[in-house]
*Asks:* 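Take this structure, written in structure tokens, and hold onto it; I'll ask about it next.
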2 protein chains.
Amino acid sequence: MSSTHSSTKERILSAAERLFAEAGIGNTSLRLITTRARVNLAAVNYHFGSKDGLVEAVYERRLGPVTREWLANIENLEHEYGDRPIPVERIVESFVRPVARLASDENRGGRIFTRLLAQGYTEARQYFDKLFSSQYQHVLDRYRQSLRTALPHLPPGTLCWRLQFLLGALTQGLCGGELLRLMEGQADPNDTERAVDELIPFLVAGLRAEAPRLRESGPSTQGALA
Amino acid sequence: MSSTHSSTKERILSAAERLFAEAGIGNTSLRLITTRARVNLAAVNYHFGSKDGLVEAVYERRLGPVTREWLANIENLEHEYGDRPIPVERIVESFVRPVARLASDENRGGRIFTRLLAQGYTEARQYFDKLFSSQYQHVLDRYRQSLRTALPHLPPGTLCWRLQFLLGALTQGLCGGELLRLMEGQADPNDTERAVDELIPFLVAGLRAEAPRLRESGPSTQGALA
DNA sequence: GTCTATAGAGGGATAGAC
DNA sequence: GTCTATCCCTCTATAGAC
């Protein structure tokens, strides 16, 4: 199934990745993983220590390279533009690309892993929290700084929200989720190139939109009263 | 219907909803649910038949009303505008509002349920597939038709992709996920009103963006060949 | 490094008293 | 409708032979 040679470790990782994405981590047993990977049940504990260790390794294998790509991309752009603001399109593209490459390359997890990513970090929160505070946060701050410079009129809070929206659209868009299956013929969820071509103008326009005039959020304005 | 008093059934639903969102469905046992709900273990099987039945009921309780609101909103707009195109802002707002109300109202699940929603349908796929083909798809088609009329220059395929992005940004934006916690002080994940105020211009601008010029996707360009 | 066998904990579901 | 007690299953993890 997977790429070329496949060591026991790699086979376990690939089988686990697919099963986690299909049924969730909690619903996937080590027995099923090792059966699919055609390795012995005890191999998981030998190579990864525990199921948690396996989960961590599944994420690490894919996200490590992406984070490094992000960092290299933003550094290249900073170097290329010096003190001038980097165009929003280039910032966005340099962020979207690495994730898209992941989604379009079976050897990097393909849409299987993207789906695992999009399904959120609930089941793997412990690992994500560790990952975030170590590398991810740092990279994201670089991107945020570049966007602040590119969009100086935008209030910082608004930019934060838009980054959140961007991430949602990106992950959901690249995992070819729920929606696209319903519109058969209109859009092909497997067409990652198309997804990127569609994503970038959508995100750039959203980032460039005029900031909202915010209403006063007094104590009584909320709709929370039943 | 249900607000303060809590029947056994409601208490189970609320406890399950929270635990599912926090740890995933597969990682949450009936024993833990019933302990938290302060009801007897056997009550789940009595009221819902099985754990699967409970999962289904957890989603149904929240999504049913939202779907009905969506339908009412789009019908009101269609009636108000007759044959004239409905402004994109109004379409988007009428779609975002019901989900936002859900997120801001503890009695409707609040951000707990939104998070469960955003974490995807992997673990509850069977239920989602049933729900989608019954009600959801119909409502979404109405919205898509309205957007086609409002944005006649947009290729249908592009609109489909943008709807997918919209859903991603919406669900991730309203569950106050991963990202916002990292930027303390800059944005408050709990501020649902703010989220809506930020979401709408972002989404409207994205939908209104110029359609991308697509590159040729010849047979050899994709990496997805199996 | 790979296997078998099993320990030990915890899961969903149900029978039957109240 | 609620409770206790329990059946039977699957799970993770490990010990120990090869």
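The chains referred to below are lettered A, B, ... by the order of the sequence lines, with proteins before strands, and numbering in each begins at 1.
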*Asks:* Could you check A:Val39 against B:Leu41 and say which one's nearest nucleotide on DNA chain C is further toward the 5' end?
*Replies:*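 On the 5' side of the pair lies A:Val39.
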*Asks:* Please give, in whole Å, the distance from C:dT2 C1' to A:Asn40 CG?
*Replies:*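 Taking atom C1' of C:dT2 as the reference, CG of A:Asn40 is at 6 Å.
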*Asks:* For the pair made of CG in B:Asn27 and C1' in D:dC11, what is the distance, rounded to whole Å?
*Replies:* 12 Å
*Asks:* For B:Arg111 and B:Asn190, test the side chains for any donor-to-acceptor distance below 3.5 angstrom and give the result as yes or no.
*Replies:*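 Short answer, yes.
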*Asks:* Between B:Lys9 (NZ) and D:dT2 (C1'), how many Å, whole number?
*Replies:* 15 Å
*Asks:* Kindly state whether the ring of B:Phe128 and the ring of B:Tyr59 have centres lying under 6.0 angstrom apart.
*Replies:* yes
*Asks:* Using distance alone, with no hydrogens and no angle criterion, decide if B:Ser94 and B:Tyr143 have a side-chain donor and acceptor under 3.5 Å apart.
*Replies:*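 Yes, B:Tyr143 and B:Ser94 have a side-chain donor paired with an acceptor closer than 3.5 Å.
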*Asks:* From the options C:dT4, D:dT2, C:dT14, select the nucleotide whose nearest atom is closest to the side chain of B:Asn45.
*Replies:*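 Within the option list, the nearest is C:dT14.
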*Asks:* Specify the residues of residues 49-58 of chain B, ordered by number, for which at least one heavy atom lies under 4.0 angstrom from an atom of DNA chain D.
*Replies:*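 Heavy-atom cutoff 4.0 Å gives no residues at all.
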*Asks:* Any pair with a residue in residues 30-40 of chain B that passes side-chain hydrogen bond (donor to acceptor under 3.5 Å, both in side chains), sequence neighbours left out, goes on the list, sorted by first then second residue, please.
*Replies:* none
*Asks:* From the options C:dG12, D:dA13, C:dC3, select the nucleotide whose nearest atom is closest to the side chain of A:Leu30.
*Replies:* D:dA13
*Asks:* Please tell me which of the listed nucleotides, D:dA13, C:dG12, C:dT2, lies nearest to the side chain of B:Arg31?
*Replies:* C:dG12
*Asks:* Can you check the B:Arg38 CZ to D:dG1 P distance for me, whole Å?
*Replies:* 19 Å
*Asks:* Whether B:Thr8 contacts D:dG1 is assessed here as follows: a side-chain N or O lying under 4.0 Å from the phosphate OP1 or OP2. Is that the case?
*Replies:* no
*Asks:* Whole-Å distance between D:dC3 C1' and B:His47 NE2?
*Replies:*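 For the pair B:His47 NE2 and D:dC3 C1', the rounded distance is 12 Å.
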*Asks:* Can you tell me how far C1' of D:dG1 sits from OH of B:Tyr46, to the nearest Å?
*Replies:* 5 Å
*Asks:* If you define the side chain from C-beta out and look only at heavy atoms, does anything of B:Glu60 sit under 4.5 Å from B:Leu131?
*Replies:*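 Of all side-chain heavy-atom pairs linking B:Leu131 with B:Glu60, at least one is under 4.5 Å.
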*Asks:* Within the 4.0 Å heavy-atom criterion, would you say A:Thr34 contacts the bases, only the backbone, or no part of the nucleic acid?
*Replies:*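 Nothing, no nucleic acid heavy atom in range.
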*Asks:* Would you indicate which nucleotide in D:dT14, D:dT2, C:dG12 comes nearest to any side-chain atom of B:Ser29?
*Replies:* C:dG12
*Asks:* Could you check whether the rings of B:Tyr136 and B:Trp70 sit parallel, tilted or perpendicular, using 30° and 60° as the cut-offs?
*Replies:* tilted
*Asks:* Using a heavy-atom cut-off of 4.0 Å across all strands, would you classify B:Ala42 as base, sugar-phosphate, or nothing?
*Replies:* base
*Asks:* Please say which of B:Arg115, B:Arg108, B:Arg61 ends up in a salt bridge (Lys or Arg N to Asp or Glu O under 4.0 Å) with B:Glu17.
*Replies:*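 Single pass found, and it is B:Arg61.
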